[in-house]
Amino acid sequence: MPELPETETIARDLDRAITRARIDAVRVIRSDVLREVSARTFVRRVTGRTIARCWRRAKLVVMDLSSAEHVVVQPRFTGALLIDDGALPESERRYSTVQLSLDDGRCVHYRDIRRLGTVALMSADRFARYTSALGTEPLDPAFTAAHLSVLLRASRQAVKRVLMDQRAVAGIGNIYANEALWRAAIDPSRSAARITPAEAARLRDAIVAVLTESIAHRGTSFRDYRDASGARGGFVDRLAVYGRAGERCPRCGHRLIGTHAIDGRITVLCARCQS
DNA sequence: AGGGGAACCCGTACGC
DNA sequence: TGCGTACGGGTTCCCC
């Protein structure tokens with residue numbers, strides 16, 4: 001489930017590996033992953049372009065093309081961008097949905113097992129409009145305790161919902177919302193507006209720390225996430241609560257509980273530490 | 001406006 | 001063993 005650390009890892013890998021490569025051919029194998037353009041338009045507008053830069057915004061991997069257009073990939077649950085230098089196993093290639101052939105003989109596959117992820121092609125204007133609706137990047141210096149406090153005070157929703165609202169904070173999903181709230185010892189179901197400035201400061205630090213640490217370990221492979229080389233992320237072993245309902249709280253030893261009370265999504269917490 | 005729910009998709013788990 | 005069905009999960013869109 002690529003959230004910020006996973007999409008950041010993919011984007012950094014791609015930027016190092018394929019920036020300045022020219023896309024000689026494009027194959028759309030599963031056109032239902034495409035957004036904003038038809039398969040025919042996608043092929044016509046991407047073929048022959050050079051990749052100027054690969055980067056991340058929110059949970060999106062963005063490929064800037066020499067034409068000033070952007071290929072915007074949203075991997076959702078089971079999507080991955082895999083570089084094939086000839087050694088990509090058949091088990092990965094069989095789920096390829098879009099294939100970009102590069103001028104050096106390599107291919108970049110957007111592989112997506114369940115195909116809930118998307119690939120869009122956007123003009124510069126469209127991309128600017130699209131991304132302007134996204135919230136603050138948590139690893140940007142603008143994401144201060146005071147800023148988070150303002151965001152939280154504006155909503156009476158559960159604080160966990162606000163963290164996962166991409167219009168407020170960009171890039172946090174279920175895994176890192178659970179982890180950050182546990183680190184900050186805040187009950188995920190608390191009304192955001194009732195989080196004190198001191199708690200918001202703790203939460204801000206917890207968010208920055210967990211995202212930074214996860215990037216250092218190349219993200220969390222809970223199930224299908226892979227980096228651009230097909231490798232798993234190493235942060236899964238360092239998760240304190242996500243996927244660990246029934247186990248002991250690493251801080252106090254109390255048994256962690258899992259609940260679907262917020263948004264129908266799994267929330268794991270320590271009822272003793274997070275109250 | 002903001003909340004609720006459906007749709008998107010298919011591997012996996014589970015029931016018979 | 002084989003078949004059928006329910007489920008999950010982020011985002012978008014529609015409806016209230």
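Because the structure is a prediction, the values reported are computed rather than measured. Numbered from 1 within each chain, the chains take letters A, B, ... in sequence-line order.
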Are any side-chain N or O atoms of A/Asn174 and backbone N or O atoms of A/Ile266, one a donor and one an acceptor, separated by less than 3.5 Å?
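Looks like yes, one N/O pair under 3.5 Å.
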
Determine whether a donor-acceptor pair (N or O, by modelled atom type, separation under 3.5 Å) exists between the side chain of A/Gln274 and the backbone of A/Asp187.
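No, A/Gln274 side chain to A/Asp187 backbone: no donor-acceptor pair under 3.5 Å.
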
Do the ring planes of A/Trp55 and A/Phe127 sit parallel (below 30°), tilted (30 to 60°) or perpendicular (above 60°)?
perpendicular

Using the closest heavy atom to pick a nucleotide of DNA chain C for each, name whichever of A/Tyr242 or A/Tyr130 lands nearer the 5' end.
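On the 5' side of the pair lies A/Tyr242.
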
On DNA chain B, which is the earliest and which the latest nucleotide, 5' to 3', with an atom closer than 4.0 Å to a heavy atom of chain A?
B/dG3 to B/dT12

Between A/Glu247 and A/Arg255, is the salt bridge (Lys or Arg N to Asp or Glu O under 4.0 Å) condition met? List the steps.
CA-CA 6 Å; A/Glu247 296 181 29; A/Arg255 209 171 282 286; over 6 Å; no

Could you state the [atom1]-[atom2] distance from [X] to [N], rounded to the nearest angstrom?
X: A/Arg167; N: C/dT11; atom1: CZ; atom2: C1'; value: 11 Å
X: A/Ile262; N: C/dG9; atom1: CD1; atom2: C1'; value: 16 Å
X: A/Asp112; N: C/dG8; atom1: CG; atom2: P; value: 19 Å
X: A/Ile266; N: C/dG9; atom1: CD1; atom2: C1'; value: 12 Å
X: A/Glu36; N: C/dT12; atom1: CD; atom2: P; value: 10 Å
X: A/Glu3; N: C/dT11; atom1: CD; atom2: C1'; value: 14 Å
X: A/His260; N: C/dG8; atom1: NE2; atom2: P; value: 6 Å

For A/Leu116 and A/Asp263, take the nucleotide of DNA chain B holding the closest heavy atom to each; which residue's nucleotide lies nearer the 5' end?
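The 5'-side residue here is A/Asp263.
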
DNA chain B: 5'-proximal contact among A/Ile113 and A/Arg35 (nearest heavy atom):
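Looking at DNA chain B, the more 5' nearest nucleotide goes with A/Arg35.
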
Identify, with sequence neighbours excluded, every residue that meets salt bridge (Lys or Arg N to Asp or Glu O under 4.0 Å) alongside A/Arg232.
none

If you look at every strand shown and take non-hydrogen atoms under 4.0 Å, does A/Asp32 touch a base, only sugar-phosphate, or nothing?
sugar-phosphate

Scan A/Asn174 against the nucleic acid and name what it touches under 4.0 Å (heavy atoms): base, sugar-phosphate only, or nothing.
sugar-phosphate

Verify the contact: side-chain N or O of A/Tyr225 to OP1 or OP2 of C/dG9, cut-off strictly under 4.0 Å; return yes or no.
no

Show the nearest heavy-atom pair for residues A/Arg194 and A/Glu199, with the distance to one decimal.
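Heavy atoms of A/Arg194 and A/Glu199 come nearest at O-OE1, 4.1 Å.
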
Run the salt bridge (Lys or Arg N to Asp or Glu O under 4.0 Å) test on A/Lys59 and A/Glu3 for me, step by step, so that the C-alpha distance in whole Å, both residues' side-chain angles and the decisive distance to 0.1 Å come before the verdict.
CA-CA 5 Å; A/Lys59 304 174 193 172; A/Glu3 302 181 28; 5.6 Å; no

